[in-house]
> 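Before I ask anything, let me first share the structure, which is written out below as structure tokens.
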Amino acid sequence: MSEKKLKVLTMAEWAEEGKTPEILFWVGCAGSFDSRAQKITQSFCKILYHAGIEFGILGTEESCTGDPARRAGNEFVFQMLALQNIETLNAYQIEKIVTACPHCFNTIKNEYPALGGNYEVIHHTQLLRDLIEAGKIKVTEGNAATKLTYHDSCYMGRVNGEYEAPRQVIDSLKMDFKEMKRSRKNGLCCGAGGAQMFKEDEPGDKRVNIERIEEALGTDSEVILANCPFCITMLSDGLKAKDKQDDVMVYDLSELIVQNNSW
Amino acid sequence: MEIAQIAFIILLLITFFWSYKKYSELVRAIFLARPVEIKGPVSARLRNMFLVAFGQKKMFKRFLPALFHLFIYVAFLITQIKLIEIIIDGISGSHRILAEPLGGLYTFVVSSIEVLSVLAFVATVIFLWRRNLLKLPRFKTAEMTTWPRLDANIILWAEMVLIFGIFAYNGADTVLQSRDFPGYPDTGNLAVSSWFGPTLFGGMETSSLLMWERLGWWVHILAVFGFIVYLPYSKHLHIFFAFPNTYFAKLKPRGEMENMPEIMNEVKSMMGLTQEEEQSVDMEEIPEFGSKDIFDLDRINLLGAYSCTECGRCTAVCPAHITGKKLSPRKIVMDIRDRAEEVVAKLKSGNPEYIREDLRDKEKKLTAKNFDDGKSLFDYISPEELHACTTCNACVEACPVMIDPLEPILKMRRYEILTQSAGPSDWMPMFTSLENNGSPWQMSEARDAWKEDLEE
């Protein structure tokens, strides 16, 4: 691991230099503030750097996309956040956006157009797949004996129909991959969506993340992969509840690529 | 004209007028909801209808139930071809009027009906067993009260009666043909009755045969008339409504919640983003946002509710339901239909008690516009159910006829938050933080603080 600091420029800094980067990396609230998700943000930046992709972030000019507000029912707050973000994105004439959060991905891609925000939006797993296919990033094969399973996020999977990109990335890692019984279209939610992340569960028999982590543990995997910072929080909490946090790890796909490459 | 013909014609007319009245009532019920703009290409809609309703594509996620369901469905469809002849025979007093003109084709059609009826019989027995003896959890949830369970069984038993009718009618007929009884034209060798008929009816007197043949014919046609009249009261309406429902199902991306332009424009003007002339949102009469009752849903939501088969595939995959929460997407859909039926019944009663209180002096006639019975969808669906949804879209994916149970849930959440200013207390600090910090968490560090310790 090198000790050289990786510099990430904001769009404002790019503009000062009179340049426009290829792509905007939409970090999202979890990626910005959640200490676990910050590591995913950093991993993805390293990958972009090693792939030689010029990217910018909005930094302090970024706000929540409004997804949790809208799904909670608060259209006023959603519109405030979304319209502000669209103002900012349009001011920088952003055309292409990549994000590591399926909720940000969905809202910007599917909901901003009705409010006047039209961009090409891709999810980081899709970009990772493309970079691997184009040979722009080297994938160091992992330990072939390490057992993996993969949790489909609802907002990339069922909602946006992307089941293949993450699995193609996993295939390239050449590790011991096993699907959970409920996967792809039948994937079970982690329990965070629809602003559940920000409230207590309604009364019931158990939490949704416990149901999911039990299924994941049933595959006997040492690593559970996911593609969403909220899923990762939920699955990690589930592991702690089962006292398995020392035996099983939850990673974002980008983190495994960085680890295998020792970046 | 014989008495049987007169009886038939009267029954036919009753069936026709009764069902016309009931089906137009259903359409009126759906039109109580808001109109909705039908977007997207006709070709994509036809494709959905062809694949999902006609081709039952989404049923085939689970092969065996889908196959048995297909038997009953195809048997039902193909039996309707025969209905043309039955109606002509019934009115004119003829017997199998199409047998001679169609010849081999007639033998083929009736044989197909017979083979499919046998398959449908097998499927019906399995479905009765599965529904009543096998402890399938999705048939036993809270919303599956007495009527939904009875409804499911009634139709399965009616199916048995119909199949009995078909074989009594065809079986006795083949024996009568072999005895060259006058007026019984040759139907050719029928796939099942040509051996089943002689085995069961071969030893009977001709007079008994005539009785069995007529009994079978009447049972068959009465079962069909019964179906037509019964369907609008039953979950089995899906055999018709699956077609419009898949055709009108929204083609927008699943992840897109319907925009609320009135709020967008209000926020735009607050933020100084609009031209002067656009700032025309009239906030004088405080509008109601979201959905409180069926009138505030859209017609596709209501069409969906009437198309529901109560199969529970949505509920079986709902993460909230799986983990013991009160939410069941099937219940949401059934509640919408029940509420719509309640409103329709009250409107039909014309009782002036249901006129909105402040209009009672001015308006004497109860209409959908001045209707207020002091109830709403919230009397059926509790906030606890609405709050348990993770918007994971598993229910949307699961529905074999493309009903969207999620949209009404989110519309009711909108009503709760925007109009009632209620909702889970945990969400209030989230809203405040989103408004003030642009993040659901109250954070003191900078949004890009993670950059600081990033190394190559």
Side-chain angles (χ1 to χ4, degrees), chain A residues 1-6 8 10 29 32-33 38 41-42 45-46 49 57 59-60 62-64 68-77 79-81 83-84 87 106 110-111 114-115 154-155 158-160 185-186 188-189 191-196 198-200 202-208 211, chain B residues 252-257 259-260 263-264 266-268 270-271 273 289-290 317 319-320 322-327 384 387-394 396-397 410 412-418 423-424 426-427 430-431 434-435 438-441 443 445-451 453-456:
Chain A
M1 213 177 278
S2 72
E3 296 296 314
K4 213 176 140 207
K5 192 165 156 38
L6 197 161
V8 176
T10 61
C29 298
S32 298
F33 295 119
Q38 283 175 340
T41 305
Q42 293 177 331
C45 285
K46 286 184 188 181
Y49 166 77
I57 60 168
T60 52
E62 187 187 277
S63 281
C64 171
R70 189 171 233 196
R71 273 146 194 84
N74 199 330
E75 188 73 3
F76 269 103
V77 171
Q79 293 285 349
M80 281 168 55
L81 294 164
L83 289 167
Q84 184 57 56
E87 278 287 295
N106 179 67
N110 294 323
E111 299 191 320
L115 281 68
C154 302
Y155 273 76
R158 257 189 311 272
V159 175
N160 282 291
K185 281 185 176 175
N186 304 320
L188 182 77
C189 178
Q196 294 293 330
F198 307 102
K199 65 186 265 298
E200 279 304 311
E202 298 305 312
D205 304 332
K206 60 163 123 167
R207 288 165 166 269
V208 179
E211 171 80 12
Chain B
K252 66 176 178 62
R254 255 186 206 168
E256 183 190 356
M257 277 176 71
N259 195 28
M260 300 180 78
I263 294 184
M264 180 177 74
E266 174 69 11
V267 173
K268 271 188 178 173
M270 263 165 46
M271 291 167 70
L273 295 174
F289 295 117
V317 294
I322 290 170
T323 55
K325 277 97 185 171
K326 212 178 144 197
L327 175 63
E384 186 182 327
H387 299 165
C389 176
T390 69
T391 71
C392 77
N393 276 269
V396 181
E397 173 68 40
L410 293 175
M412 289 182 75
R413 277 191 183 178
R414 279 177 166 170
Y415 180 82
E416 228 196 337
I417 299 280
L418 299 170
D426 288 344
W427 277 348
M430 173 185 81
F431 294 144
L434 283 170
E435 255 181 90
S439 147
W441 301 288
M443 301 304 280
E445 64 172 352
R447 203 171 175 96
D448 50 2
W450 54 269
K451 287 198 309 190
D453 58 343
L454 182 58
E455 284 155 4
E456 285 177 11

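The basis for the numbers below is simple: all heavy atoms, side chains too, and nothing from hydrogens, waters or symmetry mates. Since this is a predicted model, take the numbers as computed values, not measurements.
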> Please list, chain by chain and in numerical order, all residues satisfying side-chain contact (heavy atoms from CB on, under 4.5 Å) with A/Asn186, sequence neighbours excluded.
none
> Taking all non-hydrogen atoms of both residues, which atom of A/Cys29 and which atom of B/Gly438 are closest, and how far apart?
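Answer, listing the atom of A/Cys29 first, then B/Gly438: SG-O, 3.8 Å.
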> Nearest 0.5 Å, please: how far is CG in A/Asn106 from CE in B/Met257?
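One finds 11.0 Å between CE of B/Met257 and CG of A/Asn106.
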> Is there a side chain to side chain contact (heavy atoms under 4.5 Å, CB included) between A/Arg70 and B/Leu410? Walk through the geometry before answering.
CA-CA 9 Å; A/Arg70 189 171 233 196; B/Leu410 293 175; over 6 Å; no
> Determine the option with the most heavy-atom pairs under 4.5 angstrom with chain B, choosing from A/Ser63, A/Ala72, A/Cys64.
A/Ala72
> Working to the nearest 0.5 angstrom, can you tell me the gap between A/Asn74 CG and B/Phe431 CZ?
4.5 Å
> Determine, step by step, whether B/Leu327 and A/Glu202 satisfy the side chain to side chain contact (heavy atoms under 4.5 Å, CB included) criterion, reporting the C-alpha distance in whole Å, the side-chain angles of both residues, the deciding distance to 0.1 Å, and the verdict.
CA-CA 9 Å; B/Leu327 175 63; A/Glu202 298 305 312; over 6 Å; no
> Ring pair (Phe, Tyr, Trp, His ring centres under 6.0 Å) with A/Phe33: which residues, sequence neighbours excluded?
none
> Give the member of A/Ile57, A/Thr10, A/Asn160 that has the highest number of heavy-atom pairs under 4.5 Å with chain B.
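It is A/Ile57.
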> So which of A/Arg158, A/Lys206, A/Gln38, A/Glu111 has the largest heavy-atom pair count under 4.5 angstrom toward chain B?
A/Arg158
> Which distance, rounded to the nearest 0.5 Å, do you find between the CE of B/Met270 and the CE of A/Met80?
5.5 Å
> Taking B/Met430, B/Glu416, B/Met412 one by one, which has the highest count of heavy-atom pairs under 4.5 Å against chain A?
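Top count of heavy-atom pairs under 4.5 Å with chain A: B/Met430.
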> With only heavy atoms counted, which part of A/Val77 is less than 4.5 Å from chain B, the side chain, the backbone, both or neither?
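The side chain, not the backbone.
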> Closer than 4.0 angstrom, basic N to acidic O: yes or no for A/Lys4 and B/Glu456?
yes
> Can you tell me how far apart CG (A/Leu188) and CD1 (B/Ile322) are? Round to the nearest 0.5 Å.
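Those atoms lie 5.5 Å apart.
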> Which one wins on heavy-atom pair count under 4.5 Å against chain B: A/Glu211, A/Gln79, A/Arg207, A/Gln84?
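Most heavy-atom pairs within the cutoff with chain B belong to A/Gln79.
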> In terms of heavy-atom pairs under 4.5 Å, which option from B/Cys389, B/Gly255, B/Ala388 contacts chain A the most?
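Highest number of heavy-atom pairs under 4.5 Å: B/Gly255.
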> Return the minimal non-hydrogen interatomic distance between A/Gly73 and B/Leu418, and the atom names on each side.
O-CG, 3.4 Å
> As an exercise, state the distance from OH of A/Tyr155 to CG of B/Asn393, rounded to the nearest 0.5 Å.
6.0 Å
> May I ask you to say whether B/Arg414 pairs ionically with A/Glu75, meaning some side-chain N is under 4.0 Å from a carboxylate O?
yes
> What distance separates A/Tyr49 OH from B/Leu454 CG, expressed to the nearest 0.5 Å?
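Going from the OH atom of A/Tyr49 to the CG atom of B/Leu454 covers 10.5 Å.
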> Quick check on A/Lys185: does its NZ atom have over 12 non-hydrogen neighbours (other residues, nucleotides or ligands) under 6.0 Å away?
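Counting other residues, nucleotides and ligands, NZ of A/Lys185 stays at 12 neighbours or fewer.
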> Flag the one option from A/Gly204, A/Ala192, A/Ser32, A/Gly191 with the top tally of heavy-atom pairs under 4.5 Å to chain B.
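The candidate making the most pairs under 4.5 Å is A/Ser32.
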> For side chain to side chain contact (heavy atoms under 4.5 Å, CB included), just list the numbers for A/Phe76 and B/Glu266, CA-CA rounded to whole Å, side-chain angles, deciding distance to a tenth of an Å, and then say yes or no.
CA-CA 9 Å; A/Phe76 269 103; B/Glu266 174 69 11; 3.9 Å; yes
> Before you tell me yes or no, could you show the steps for B/Asp448 and A/Glu62 under side chain to side chain contact (heavy atoms under 4.5 Å, CB included), namely the whole-Å CA-CA distance, both residues' side-chain angles and the distance that decides it to 0.1 Å?
CA-CA 10 Å; B/Asp448 50 2; A/Glu62 187 187 277; over 6 Å; no
> Distance-only, no hydrogens or angles: does the A/Gln196 side chain make a donor-acceptor pair with backbone N or O of B/His387 under 3.5 Å?
yes
> Hey, which of B/Arg254, B/Glu435, B/Lys325 has the most heavy atom pairs under 4.5 Å with chain A?
B/Lys325
> Just so I understand: if I count every heavy-atom pair under 4.5 Å between each of A/Thr60, A/Asp205, A/Leu81 and chain B, which residue has the most?
A/Asp205
> For B/Met443, which atoms come within 4.5 Å of any heavy atom of chain A: side chain, backbone, both, or neither?
side chain
> Over all heavy atoms of both residues, which pair between B/Trp427 and A/Gly194 is shortest? Give the atoms and the distance, please.
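Looks like CZ2-O, 3.7 Å.
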> Given that the side chain runs from C-beta out, which part of B/Pro319 has a heavy atom under 4.5 Å from chain A: side chain, backbone, both or neither?
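B/Pro319 touches chain A through backbone and side-chain heavy atoms alike.
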> Ignoring hydrogens, what is the shortest heavy-atom contact between A/Leu115 and B/Asn259? Give both atom names and the distance.
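The answer is CD1-OD1, 3.5 Å.
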> Which atom pair, heavy atoms only, marks the closest approach of A/Glu200 to B/Asp426?
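Heavy atoms of A/Glu200 and B/Asp426 come nearest at N-OD2, 2.7 Å.
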> For B/Glu256 versus A/Asn110, what's the shortest heavy-atom pair and its separation?
CG-O, 3.3 Å
